[in-house]
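Here is the structure we will look at, set down as structure tokens.
For reference, positions follow the sequence shown, starting with 1.
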Amino acid sequence: MRVECLYRVSTKGQMDKDDIPMQRLECRQFAQSQGWTIVKEYSEKGVSGFKVSASKRDAIQEIRADAEAGRFDILLVFMFDRLGRREDETPFLVEWFVKNGIQVWSAKEGQQKFENHVDKLLNYIRYWQASGESEKTSVRIKTKHRQMIEDGLWRGGKAPFGYRTVHKGRTGRKNRPLYDLEIDPAQAEIVRKIFDAACNQGLGIHRLANLLNSLYPDPEKTWVPQTIRTILKNPIYTGRMRFNDMLSPVQEELRIISDAQFEFAQHVLQDRIHKRYRLDEDGATKTSRCGAALLSGILYCGHCDHKLVGTYATKTRNGKEYTRPIYRCYNGAIHAKHCGGQRTYSAMKIEEAVLTIVKEYFRHFNDAVDAVWQEQVRLQLRRNQNQRMTEAQYKLDNLQKQQKSIKQEILKSMAGESAFDQRVIQEMFEENAQAIARVQKEMETIEQEKDEADRRLKQLMEQYQHISEWSEVFDGASVDEKKMILSRLIEKITVDRDYHITIYFYITLDQFKESLASLEKVTIEERQPLQNVG
């Protein structure tokens, strides 16, 4: 009898020196005891019999081909679940082999036959049970990983770029050392450079890859765009580990970048539009050299509300070619779209007007909001909250004293020594308990309001800090850096005929003052134009 053997382990960690010796030895000994000849052996290393369908397992497909060609008589496995653990597939796979004249044997469980209905039922039950065990194992593993994430523990594997693994004393089963993450200073500096270039200089993943390859030449490591994208999307750099859609609590010792910078990086990745242009001989596009770029992405046509595209126009005068940057409404170029605005606008006119308003915005903002005012608001907020909490605590103390007296009166009543009726005492006790519950609820509300006010105040102070920092570097920034600052400062700019421009800031000076005073969050729906410029 000619035998083909199949050995399988679900993970590489179950192998011994890149082999599956235990299954191999058992199957060989069993074949020898039966007087069979092993003609071929297949090994699946790190292949899940539950997650991976038989149609996608190369070894199974090769064995099926051998069966159809009549190259063997018996398929031997260590246990039947090595063939698979899928209740909707593996029983029928076994039945297929038997129907095609191949005996299916297990070194531990014997032969699987299909001589009657009971055999078919047992075959199905075996893999139904194996499937259930795999599901239970999956649940246990996922639960363990979620618990590790909740506890802020590294789940293992290769450390993300920017970190290294160190042993800090944790051990697992059999005293196996478990590792934790810590920041690698040299790599962390590169991570900060990546986020800074993406968020503040407007570099895309391809330009970033070229930049890093030029700054850090390494014959063994080449930066590619997908690596950059993976880094920009990984929340580990904010100190949060991730498992599926679950994030761990923030671990400040693992933080490399701020939450605000990470959130803006996600916005940049999602909102970036890739365009293809004809390349000139120097490798740069003519649009990138001659076209308008500063307001791309935030400039809209005031008539049809479509984005204006930064490009260039070419004219020939006295035999010499001239180019000028423009913003074009391609919607207006198509009459069927019914756009009543201009088709093109001078980039110089629009950008000069916008930059003038932005500089005024920075000046007024810094003049009106200073650190002294911030501190005054913070202190006043604390005084108001502390006063309310003190008053509530005073009420609670008095009510608890009353409750103690009522309890003493209840004891007297039970002994027949009280001058009050038991029903009256009961009503007094219930009213007192309700009053205590109301005051405790009020104190919880005050505490929640305090936390919410702190969160909103922190948010406003971060907004102020960002705007203040941008105002300091704006004049000396490059076009790419100015573009990124404007995209974080301005939600939208519209331009109508005759260059009537409307700028929608994410937060105006008046809105900031109102928000700081009332601690009410400014939403997109509440944003208003700062100023119209003709």
Side-chain angles (χ1 to χ4, degrees), residues 9-20 45-48 51-52 137-199 205 208-209 211-213 215-266 269:
V9 289
S10 299
T11 64
K12 296 290 182 68
Q14 295 173 292
M15 295 191 302
D16 185 359
K17 298 180 180 179
D18 198 35
D19 194 11
I20 313 174
K45 303 172 182 178
V47 177
S48 170
K51 296 179 181 178
V52 183
T137 301
S138 176
V139 170
R140 287 196 298 269
I141 292 173
K142 288 180 179 178
T143 301
K144 178 62 177 178
H145 281 288
R146 286 196 174 94
Q147 290 173 350
M148 293 179 70
I149 285 295
E150 290 174 354
D151 295 337
L153 299 176
W154 175 240
R155 297 184 297 115
K158 184 179 179 181
F161 184 83
Y163 300 91
R164 58 193 175 204
T165 54
V166 293
H167 180 53
K168 296 184 177 180
R170 286 197 304 126
T171 57
R173 290 180 297 177
K174 300 179 181 179
N175 288 326
R176 181 172 59 90
L178 301 178
Y179 293 87
D180 294 290
L181 288 183
E182 73 173 15
I183 293 177
D184 183 313
Q187 293 185 1
E189 192 59 36
I190 299 176
V191 171
R192 294 188 188 98
K193 186 182 293 292
I194 290 172
F195 276 90
D196 177 71
C199 295
I205 57 176
L208 264 169
L211 175 65
L212 293 177
N213 284 323
L215 292 177
Y216 308 101
D218 185 347
E220 298 182 358
K221 180 177 179 58
T222 301
W223 288 92
V224 296
Q226 187 56 44
T227 302
I228 306 294
R229 183 188 296 276
T230 300
I231 289 175
L232 290 173
K233 293 177 73 68
N234 195 342
I236 184 64
Y237 301 111
T238 64
R240 297 173 175 88
M241 300 180 193
R242 177 171 59 191
F243 174 63
N244 294 336
D245 57 349
M246 183 179 181
L247 294 177
S248 73
V250 178
Q251 300 181 66
E252 292 299 334
E253 66 274 13
L254 296 180
R255 182 187 291 278
I256 295 179
I257 61 167
S258 67
D259 290 347
Q261 194 172 23
F262 180 78
E263 290 171 6
F264 187 70
Q266 308 317 297
L269 286 173

Shortest non-hydrogen contact between [X] and [Y], atoms and distance:
X      : Y      : answer
Ile183 : Glu253 : CD1-O, 3.4 Å
Gly157 : Thr165 : O-CG2, 4.4 Å
Ala209 : Pro225 : CB-N, 4.0 Å
Trp223 : Asn213 : N-OD1, 2.8 Å
Arg192 : Ile256 : NE-O, 3.4 Å
Leu254 : Met241 : CD1-CE, 3.7 Å

Item to check | By salt bridge (charged side-chain N to carboxylate O under 4.0 Å, His left out) - contacts of Lys193 (at least two apart) | outcome: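 Listed in chain order: nothing, the list is empty.
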
Next on the checklist: Among residues at least two apart in sequence or on other chains, which ones pass salt bridge (charged side-chain N to carboxylate O under 4.0 Å, His left out) with Arg164?
Outcome noted: Glu182

Next on the checklist: Are there over 12 heavy-atom neighbours, none belonging to Lys233, within less than 6.0 Å of that residue's NZ?
Outcome noted: no

Checklist entry - Taking C-beta and beyond as the side chain, do Leu181 and Pro160 meet within less than 4.5 Å on heavy atoms? => result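 With C-beta onward as the side chain, the pair touches.
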
Next on the checklist: Could you check whether any side-chain heavy atom of Leu212 comes within less than 4.5 Å of a side-chain heavy atom of Lys221, counting everything from C-beta outward?
Outcome noted: no

How many angstroms lie between atom [atom1] of [X] and atom [atom2] of [Y], to the nearest 0.5 angstrom?
X      : Y      : atom1 : atom2 : value
Gln226 : Ile231 : CD    : CD1   : 10.5 Å
Ile228 : Leu208 : CD1   : CG    : 5.5 Å
Tyr216 : Leu211 : OH    : CG    : 8.0 Å
Thr238 : Glu252 : OG1   : CD    : 9.0 Å
Leu232 : Gln261 : CG    : CD    : 10.0 Å
Gln251 : Ile236 : CD    : CD1   : 7.5 Å

Checklist entry - Who passes ring-ring contact (aromatic ring centres under 6.0 Å, His included) against Tyr163, sequence neighbours left out? => result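 Result, ring-ring contact (aromatic ring centres under 6.0 Å, His included) vs Tyr163: Tyr237.
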
Checklist entry - Is it true that a side-chain atom of Gln266 and a backbone atom of Phe262 form a donor plus acceptor pair closer than 3.5 Å? => result yes

